[in-house]
4 protein chains.
Amino acid sequence: MGQSAREEPKWRRRAESRPDEILDAALVTFEKDGFDAARVEDVAKKAKLSKAGVYLYFDSKDAILRGLIEREVAPVARNLRAVAEAGMDDPAGALQRVAAAFTALVNDKRKLAVPRIVLSVAARYPDIAQYYRENVLEQGLSAIVALIEAGVAKGVFRPCDPGIAARMLFGPIFVHGLYTHFLHGDPGPLSPAERVKAHTDILLKGLLASR
Amino acid sequence: MGQSAREEPKWRRRAESRPDEILDAALVTFEKDGFDAARVEDVAKKAKLSKAGVYLYFDSKDAILRGLIEREVAPVARNLRAVAEAGMDDPAGALQRVAAAFTALVNDKRKLAVPRIVLSVAARYPDIAQYYRENVLEQGLSAIVALIEAGVAKGVFRPCDPGIAARMLFGPIFVHGLYTHFLHGDPGPLSPAERVKAHTDILLKGLLASR
Amino acid sequence: MGQSAREEPKWRRRAESRPDEILDAALVTFEKDGFDAARVEDVAKKAKLSKAGVYLYFDSKDAILRGLIEREVAPVARNLRAVAEAGMDDPAGALQRVAAAFTALVNDKRKLAVPRIVLSVAARYPDIAQYYRENVLEQGLSAIVALIEAGVAKGVFRPCDPGIAARMLFGPIFVHGLYTHFLHGDPGPLSPAERVKAHTDILLKGLLASR
Amino acid sequence: MGQSAREEPKWRRRAESRPDEILDAALVTFEKDGFDAARVEDVAKKAKLSKAGVYLYFDSKDAILRGLIEREVAPVARNLRAVAEAGMDDPAGALQRVAAAFTALVNDKRKLAVPRIVLSVAARYPDIAQYYRENVLEQGLSAIVALIEAGVAKGVFRPCDPGIAARMLFGPIFVHGLYTHFLHGDPGPLSPAERVKAHTDILLKGLLASR
DNA sequence: TATGAATGAGGTTTCATTCAT
DNA sequence: GATGAATGAAACCTCATTCAT
């Protein structure tokens, strides 16, 4: 109240929040332009920092990318595992919930940008590819695989290859995200929830032990 | 002896084959390094041409990419359509054959490189994204959609959203390709044929009208 | 106990010793990396100060260099003059003592670093070159020149060009220092004292009036 | 004749001479500004080339330096050795001729720039220091050492440490060069030839076996 | 007095593209 | 048709220096 003349120091002394601000800016910039075409200066500008300022917090452009991946990756993996593990005694229901969670994730263009970037730089930064694979993909896959195996063991699901089943869960959602977000493909008339339902209807019918 | 006047022309007129040789080289180079990191000089070297020589056949680096996409794209789309259309009266069998064809395609790392590159430059070259979407993705999707719809009409398949079903066909195969080729993920123990079978088993069970 | 109000001042008022600490640090850093490659931050770190702290005491990087030269230079010149002047009545003995003193000086890599730095920045900072020349070189030379001239006047030395003689005293010692310290040349088997002796033996035999 | 309008193609097609032109330009630029302060762009400009053009012939700024050292070094070493070796049967005369040759060398500011540069970057590029030491200094020294030893063996010179004697030959000349060229010290009234004479007079008197 | 945070200016290097031959 | 030579434009990164606290 009354101190309206000093609303915001505008900058200074926010070292703690800087790395995150830079990563936020980088995510947006990399998503828009791709890693190579993105200029560090643009990241800096969006983070309201000078170019040199960025280098106070990250050693190099690819260190920013690494930081970004590391920050973005953990929650995704954690999220998927949690949903999967929470439903081990109701595999069919859990499958639907995982599909819904993954759909929500993929619907967020910013979140989907990360695997796209990883994919495009994987050849040059194998460590990034490896990190992503081990910390997201294998985590997610193994969680679903466990879920499917549990379902099979319970007799809820027919015997099947759980890796294939897992890909049948994630694959369609992921490609739909790429198609609509990055290639501007027509998302179709269904709402996300309807898509999840249509998808899991078919998938579960394919998986469930008859009667 | 005596043919001293015609020792060996310094260069040969092979203008006709040149563009293709350049595109071959570009495909390999782009696949390895990504579009941005790939240097025109490397493409030239691999095509056994000077850097300037490349510019006799292509106006710019992204023109090469456009040429590449145009060349690679048509056969893929045509192929998938053909398989799908040839099986309109046996939708289930056709589905399996499409899955097999698409698996074969995706197994070829070079072929899979094209969509990966498209994805990574889509933001900067919207025309490329559009071209790819219209000429490959929508072609492929619509062919499968038609197939599914035919199946539903015939009563072979249950009523379902054909777009979703199509993504359930392509998605798992595509992500498996990305995962194994570009992120060096474990391809798992199944042979391609076994993967196709496991995949279509589940998918068809999910789609087929009971009884 | 009980002195909680004075636990430890975060920083101490040691303004007086600071400039010297900075110069010490600068000497080491400049010696190791050269003036250009040395970073102010490294000087600061070695002086246990923040980068900004250095600027409390010196206006700029080259001001540090100037300060360094000023501090290092006076004692050297004074020392050489003193030795020379103390021996005006025994020119031959004084020559030997000057050689010994200069050898001791040059043996100290840190001390030798100063002229090396001066030499490398002389073109950009003519004032530094001038300062060094006037306050060290000309001082040292003139002292020796006076010594030689005294010797000649006394009849102890043959008539000779005293500037040349002076260079014959300093030159060999100086280049030996450069060679061994900065180019890692083999210092040879002789001890410093033996080098001084061998050197002055020849030099004196060359200078002394026969009989 | 009559084609006065096309005097000089101005550039193009002189790849062969380029490296040398660049090294010439670099020598001048490095001599003037020192290695660090010299900008590649200035070297380029002086060589009448674009900045990028320089990189067609040299991989990096320090590659230019290396090239420069390599080019400048061989003739110097060869020259000194030749003079020394040509006079093995007249050591005293040869010593004078070596002194004269070295004086001529050092009188050339451009030539003297090389060791100055080497000295200033030695810490950062140890290979350059080593190269210079092995290919110039040790060559020169060993040639003179051999000469002195020959003189001693012949009974022309008194027994003495030849390394010291060699430094007494080179040292004074070298420091005089540094002093006058780079610190703008007063070269004194003597002509180069007179300096050589004054120098070798003393040195030879110091070295020669009496009668 | 002391410093963490910030930046402007500039340097090296790269590369798509052009052009004379 | 083919290329060696050349360059403009830009990108990454560094560092001396400043300033609010």
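Order of the sequence lines fixes the chain letters, A, B, ..., with proteins taken first and strands second; residue numbering starts at 1 for each chain. These numbers were taken from a predicted model, which means no experiment stands behind them.
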### Query
Distance-only, no hydrogens or angles: does the C:Arg116 side chain make a donor-acceptor pair with backbone N or O of D:Leu119 under 3.5 Å?
yes
#### Entry: Between P of E:dA16 and NZ of B:Lys45, the distance in whole Å
12 Å
Tabulate protein N/O versus nucleotide N/O from nucleotides 8-11 of chain E, keeping only pairs under 3.5 Å, one per line.
from, atom 1, to, atom 2, distance (Å)
E:dG10, O6, A:Lys51, NZ, 3.2
E:dG11, OP1, D:Arg39, NE, 3.0
E:dG11, OP2, D:Arg39, NE, 2.9

### Message
Can you list everything that forms a side chain to side chain contact (heavy atoms under 4.5 Å, CB included) with A:Val40? Sequence neighbours excluded, please.
### Response
A:Lys51, A:Val54, A:Tyr55, A:Lys61
### Query
Does F:dG4 have OP1 or OP2 sitting under 4.0 Å from an N or O in the side chain of D:Arg18?
no
### Message
Output the rounded distance in Å from CG (A:Leu65) to C1' (F:dC12).
### Response
15 Å
## Note on the structure
To the nearest angstrom, the CG-P distance between C:Asp33 and F:dA16 comes to 11 Å
### Over 12 foreign heavy atoms within 6.0 Å of CG, C:Asp59
no
### Heavy-atom side-chain proximity of B:Glu31 to B:Lys109 below 4.5 angstrom
yes
### Task
Answer yes or no: is there a side-chain heavy-atom contact under 4.5 Å between B:Arg71 and B:Asp24?
yes
### Query
What is the distance from CZ of D:Phe58 to C1' of E:dT14, rounded to the nearest Å?
18 Å
#### Entry: Whole-Å gap separating C1' (F:dC15) and CZ (C:Phe30)
13 Å
### Task
Go through the steps for B:Arg66 and B:Asp127 under the test side chain to side chain contact (heavy atoms under 4.5 Å, CB included), then give the verdict.
CA-CA 9 Å; B:Arg66 280 192 190 83; B:Asp127 60 311; 2.5 Å; yes
### Task
Just compare F:dA6, F:dC13, F:dT3 and give me whichever is closest to any side-chain atom of A:Ser60.
F:dC13
### Query
If you write DNA chain E from 5' to 3' in dot-bracket form, with Watson-Crick or G-U pairs under 3.5 Å, [ ] for crossing pairs and | for pairs with another strand, what do you get?
.||||||||||||||||||||
### C:Phe35 CZ - F:dA16 C1' separation (whole Å)
10 Å
### Task
Could you tell me whether the side chain of A:Phe35 reaches within less than 4.5 Å of the side chain of A:Asp62, counting heavy atoms only?
yes
### Message
I want to confirm an ordering. Mapping B:Val54 and C:Tyr55 to their closest nucleotides on DNA chain F, which one lands closer to the 5' end?
### Response
B:Val54
### Query
Would you say the side chain of A:Arg124 lies within less than 4.5 Å of the side chain of A:Asp36, judging by non-hydrogen atoms?
yes
### Message
Could you tell me how far apart A:Ile22 (CD1) and F:dC13 (C1') are, to the nearest whole angstrom?
### Response
15 Å
#### Entry: Short side-chain to backbone donor-acceptor contact, B:Asn135 and B:Tyr131, under 3.5 Å
yes
### Task
Calculate the interatomic distance between A:Leu56 atom CG and E:dT7 atom P; express it in whole Å.
9 Å
